[in-house]
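In what follows, a single structure is set out as structure tokens and then discussed.
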Amino acid sequence: MLLIVALIALCAISEAKIVCTTSVLASIIEDLTGEKCEVIASPTVCPAHYDIKPSDVEKVRKADIIICHGFEPWVNELVKASGKNITVIKVLGPWNTPKLLRDKYVKIANELKKLGYDVKLEKCLESINKTEKYLKEFAEKHGFVNTPVICMQWQKGFVEFLGFKILATYPPPEMISAKKYEEIVEKGKGAKLVIDNLQSGTELGKKIAKEIGAVEVALSNFPTDGNVTSMMIENAEKLAKALEEGKAEKKTPGFEIVITICSVGMALALRKLR
């Protein structure tokens, strides 16, 4: 009799419906279980500033578990609005380097096992290891190592992992004073790129890039399609393209013509003086 009760309980747990606050968490669960997972916040906006909608309340109402990062201020409000006693699992900390991402897969896999899920953890970790090797080789091939840059602080870990030399970092735009802006520009002189965090906005990065003569490029911390490893590869490709654009701008025909005209003009002026 006890065995039957235990089996019934296990079946009930294994059928627990999960909803995630972000595409990062949902992609990890999908990789581990092969099952699609509901996502609340759009990957194009910062989850900390996301405005919940009535449809989000309905998603939570249909779920048994909500998995979040812990920095979303609206989770408790959402759970309360659903009127349901739902379990909240927090997966704390950043995820934008292979090492940090492996930690997240292990943490979530352990939580899923408690819920009765079979997980493909070893296969997922192997995929992250392959991505790490590929990114290191890509960074070397495209000249990332020791290239000076400025970056938004949420991208610092990934940018450092790729070998860039970070001259300065900056927080979200709403946290920057005029004095702080001047400090960033002063420290960042000589940077080839200004690396934005897409979900935090790009206007500030573009302004800094224009002031110091660098190329602005926006990376994402939340996958819009695929998982986090595919997002990392896309981000690396964006960085390589931005560096190429920077080199191309310095070799523009117009720039060379101006130099040539100036040189000819100076030669003529010197000839007249003689």
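Everything numeric here is computed off the predicted structure, so don't read it as measured data.
- Pairs of residues two or more places apart, or lying in two chains, that qualify as side-chain hydrogen bond (donor to acceptor under 3.5 Å, both in side chains) and include a residue from residues 137-151 are K133-E137.
- Put simply, the side chain of D56 reaches to within 4.5 Å of the side chain of Y50, judged on heavy atoms.
- Looking only at distances, no side-chain donor or acceptor of N227 sits under 3.5 Å from a matching main-chain atom of D31.
- Under a cutoff of 6.0 Å and an axis angle of 45°, K99 and F161 do not form a cation-pi pair.
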List the atom pairs, donor and acceptor, that lie under 3.5 Å between side-chain atoms in residues 171-187 and the rest of the protein, sequence neighbours left out.
residue	atom	partner	partner atom	Å
S177	OG	K180	N	3.1
Y181	OH	E211	OE1	2.7
E186	OE1	K189	NZ	3.1

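- By the 4.0 Å N-to-carboxylate-O rule, E160 lies close enough to K156 to be salt-bridged with it.
- Annotation for K120: atom NZ counts as buried by contact number, over 12 foreign heavy atoms lying within 6.0 Å.
- Donor-acceptor pairing under 3.5 Å is lacking for the side chains of T44 and Q199.
- Taking the six-membered ring wherever Trp is involved, the centroid distance between the rings of W154 and Y170 does not fall below 6.0 Å.
- Side chains of E111 and L115 form no contact here, defined as non-hydrogen atoms less than 4.5 Å apart.
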Side chain to side chain contact (heavy atoms under 4.5 Å, CB included), that's the test. Do V145 and F164 meet it? Break it down for me. CA-CA 5 Å; V145 181; F164 286 98; over 6 Å; no
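- Although no hydrogens or angles enter the test, the distance criterion places no donor-acceptor pair under 3.5 Å between the side chain of Y105 and the main chain of I128.
- Atom NZ of K207 has 12 or fewer neighbouring heavy atoms from other residues, nucleotides or ligands inside a 6.0 Å radius.
- With respect to E132 and K136, no salt bridge is recorded, no charged nitrogen being found less than 4.0 Å from a carboxylate O.
- At a threshold of 4.0 Å, the pair E38-K62 does not count as salt-bridged, since none of the basic side-chain nitrogens sits closer than that to a carboxylate oxygen.
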Review item, side-chain donor-acceptor pairs of residues 72-80, under 3.5 Å, at least two apart:
residue	atom	partner	partner atom	Å
E72	OE1	H69	N	3.3
E72	OE1	G70	N	2.8
E72	OE2	T21	OG1	2.6
E72	OE2	H69	N	2.8
W74	NE1	P47	O	2.6

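- Taking CG of L198 as the reference point, atom SG of C46 lies at 11.0 Å (rounded to 0.5 Å).
- Between atom CE of residue M152 and atom CD1 of residue I208 there is a gap of 10.5 Å, rounded to the nearest 0.5 Å.
- The shortest distance between side-chain heavy atoms of L239 and L219 falls below 4.5 Å.
- Looking only at side-chain heavy atoms (C-beta outward), C20 and I29 come within less than 4.5 Å of each other.
- For the residue pair E234 and D225, the shortest heavy atom distance occurs at OE2-O, 4.5 Å.
- For N110, the CG atom is densely surrounded, since the number of other residues' heavy atoms within 6.0 Å is greater than 12.
- At a threshold of 4.5 Å between non-hydrogen side-chain atoms, the residues K241 and K238 do not count as touching.
- Heavy-atom minimum distance, V19 versus K59: CG2-CB, 4.4 Å.
- When atom types are taken as modelled, the side chain of S27 and the backbone of S23 share a donor-acceptor pair closer than 3.5 angstrom.
- Under a 3.5 Å cut-off, the side chain of E30 and the backbone N or O of C37 do form a donor-acceptor pair.
- Residues E126 and K123 are not paired through a salt bridge, judged by the lack of any N-O separation under 4.0 Å between the basic side chain and the carboxylate.
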